[in-house]
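Some notes on the structure that comes next.
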Amino acid sequence: MTPVRTLLLWCPDWPVVAAEIVDGIPATGPVAVLRANRVVACSERARAEGVRRGLRKREAQGRCPQVTVVEYDPDRDARAFEPVVAAVEEVVAGVEVLRPGACAVAVRGPARYLGGEEAAAERLVEHVAQSCVVESQVGIADGVFAAGLAARTGRIVPPGATPEFLAGLPVAALGRPALVDLLRRLGIRTLGEFAALPAGDVLARFGFDGALAHRLAAGRDHRPPAPRQPPADLTVTAGYDEPLDRVDAAAFAARALAEQFHDRLTAHGLACTRLGIEAVTAHGEELHRVWRHDGLLTAGAVADRVRWQLDGWLSGGHHRRGARPPRPSAGIVRLRLVPDGLLAQVGLQPGLWGESGAERERAHRALSRVQGILGPDAVVTAVLGGGRSPAEQVRLVPWGDERLPARSDVPPWPGRLPPPAPALVLPSPLAATVRDAAGQPVGVSARLQLTAAPADLTVGTAAPAEIVGWAGPWPVDERWWAPAEASRRARFQVCLADGTALLLAVAAGQWRVEAIYD
């Protein structure tokens with residue numbers, strides 16, 4: 001595949017420029033940006049004093065005692081570069097951000113529209129300088145990799161001449177320190193010498209990353225720029241001359257707005273899992289609420305949630321103790337629906353027979369309605385996650401919230417009980433006593449060994465029950481480095497003569513029943 005003719009705009013010393021834009025550190029002075037105590041970027045004044053990339057902090061300060069040291073901050077670099085990208089998008093479309101300080105675009109369209117590649121390059125540099133007061137350079141070549149190298153010198157490589165342009169550059173231009181060091185020790189100094197090697201031998205000796213670098217050195221960068229598409233405005237807004245102060249009038253207006261909202265999402269092939277409802281009253285009061293939904297928000301589902309929310313606002317809603325939150329002092333004059341949690345509609349899993357089912361939709365409507373009346377925490381569902389004890393593996397989340405575990409279950413937790421999980425986890429463990437056949441209490445030694453085989457179990461004031469089988473221990477020694485928070489215990493599974501299976505835990509010589517198996 002022929003490489004795509006690419007224009008790349010590069011802002012020299014961008015971490016230094018970003019520090020000036022965000023933190024006000026003058027880039028005209030000696031400035032060095034450090035990461036892990038090494039220089040990753042420096043200003044022109046610092047380079048004149050001998051500061052170079054890769055130097056340690058102390059060595060850089062030795063060469064230039066007056067240098068201003070700035071810590072590397074990728075978030076700062078990205079924030080400062082966003083206005084530059086926006087300025088580029090004002091001139092050309094389909095911009096791809098490679099990293100803070102560099103962006104690329106396919107040059108064919110801008111060249112035809114602006115009167116040639118050179119004219120397009122001059123227009124971009126001038127527009128960025130006027131809009132953002134930022135100096136930049138442009139390189140044009142066949143492929144993103146060659147265009148980036150051409151931008152270092154502000155060069156436009158003629159079509160088809162990219163291999164010759166790359167041939168004389170040092171292998172350090174590949175930006176792969178380990179590979180570059182190995183190539184130099186093998187006597188390969190330039191990209192042309194590296195590109196002359198057989199592709200099969202390069203793959204066998206240097207692996208897939210070396211094979212990719214070999215293609216780049218030969219000017220065969222087949223990856224075209226991936227343009228950044230400006231996000232579409234998917235919100236819908238409606239204004240009302242007569243303020244909506246009755247629930248029935250608001251529900252009728254919400255139905256039309258919900259259909260418009262759903263049609264706009266469908267036109268872009270999208271669906272949302274969260275719906276923001278914003279309202280403004282005639283007195284300027286702003287109301288906002290976010291609704292979550294586990295699945296596809298249809299036009300009817302959107303209308304229902306808007307109606308429920310307007311009902312809660314206009315009627316004041318209800319509280320579990322009978323009190324009513326204050327209602328707005330005036331009717332609603334503007335209503336706005338904002339989608340959130342966007343995803344492609346093809347990513348939503350339908351039911352077995354095509355649709356999600358009327359029963360499932362009715363359950364969603366009923367539970368969401370209860371939440372609208374009693375509050376989001378009134379309806380919760382259980383989510384399984386990581387942890388060692390059964391109580392730690394279950395977390396209750398409000399209905400409609402993302403069902404993500406608080407703790408990852410991969411890799412397996414050391415000391416975690418084997419399956420199956422107990423059917424009932426007691427909210428408050430029950431005190432118990434375990435005795436051996438001679439009636440003596442059973443304990444656990446420092447080496448986590450039982451002092452005797454358990455024979456019977458007494459829970460609270462109940463009669464002793466015979467233990468016919470047991471397994472364990474599963475020791476847990478948590479936060480041993482913090483004495484105030486340390487926890488050391490061992491768990492056992494026991495089976496009683498009546499068929500009951502229990503999960504026991506012993507800590508500091510005290511036995512407790514934590515859970516019951518089905």
Side-chain angles (χ1 to χ4, degrees), residues 4-33 40-47 68 70-157 223-235:
V4 176
R5 192 81 175 146
T6 304
L7 180 151
L8 188 141
L9 183 136
W10 171 62
C11 299
D13 306 325
W14 182 253
V16 177
V17 178
E20 180 181 31
I21 295 174
V22 177
D23 300 330
I25 299 174
T28 55
V31 180
V33 179
V40 296
C42 58
S43 64
E44 184 177 356
R45 175 80 177 277
R47 279 194 298 273
T68 301
V70 180
E71 288 298 325
Y72 174 71
D73 186 353
D75 294 337
R76 176 187 62 208
D77 296 350
R79 289 196 307 270
F81 193 57
E82 179 60 28
V84 177
V85 179
V88 174
E89 285 183 333
E90 293 176 359
V91 179
V92 299
V95 179
E96 175 188 10
V97 179
L98 304 179
R99 62 185 181 279
C103 58
V105 62
V107 76
R108 179 182 178 184
R112 296 176 62 182
Y113 179 73
L114 299 175
E117 295 179 349
E118 185 175 354
E122 293 177 354
R123 175 71 180 277
L124 277 178
V125 171
E126 181 181 359
H127 186 70
V128 169
Q130 293 178 351
S131 301
C132 307
V133 196
V134 170
E135 294 183 0
S136 61
Q137 297 179 189
V138 167
I140 300 177
D142 299 337
V144 177
F145 174 71
L149 298 178
R152 302 286 175 168
T153 56
R155 180 173 176 179
I156 299 178
V157 181
R223 183 185 67 85
R228 185 186 76 157
Q229 299 295 338
D233 184 10
L234 301 175
T235 61

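- The side chain to side chain contact (heavy atoms under 4.5 Å, CB included) test with C103 singles out one residue from L7, L124, L9, and that residue is L9.
- In this structure a side-chain-to-backbone donor-acceptor pair under 3.5 Å is present from T6 to V4.
- Of all heavy-atom pairs spanning C11 and V134, the tightest one is SG-CG1, 3.9 Å.
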Report the C-alpha distance between D142 and V157 in whole Å, list the side-chain angles of each, state the deciding distance to 0.1 Å, and finish with yes or no for side-chain contact (heavy atoms from CB on, under 4.5 Å). CA-CA 8 Å; D142 299 337; V157 181; over 6 Å; no

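- The backbone N or O of D77 lies less than 3.5 Å from a partner atom in the side chain of W14, making a donor-acceptor pair.
- Minimum interatomic distance between W10 and R152 (heavy atoms only, all atoms of both residues): CZ2-NH1, 3.0 Å.
- Side chain of Q137 to main chain of A151: a donor-acceptor pair is present (N/O by atom type, distance under 3.5 Å, no hydrogens or angles).
- Few gaps surround CZ on R47; more than 12 heavy atoms of other groups in view lie less than 6.0 Å from it.
- Here the side chains of V70 and I25 are in contact, with some heavy-atom distance below 4.5 Å.
- Among all heavy-atom pairs drawn from A87 and S131, the shortest one is CB-CB, 4.1 Å.
- Across all their heavy atoms, S43 and A27 have their closest contact at CB-O, 3.5 Å.
- Smallest separation of non-hydrogen atoms from R5 and E117: NE-OE2, 3.0 Å.
- Heavy atoms of other residues, nucleotides or ligands lying less than 6.0 angstrom from CD of E118 number 12 at most.
- Between E89 and V95, the shortest heavy-atom distance links the atoms CG-CG2, 3.7 Å.
- Using a 4.5 Å heavy-atom cutoff, the side chains of T28 and R45 are not in contact.
- Counting heavy atoms from C-beta outward, L98 and L8 have side chains that approach closer than 4.5 Å.
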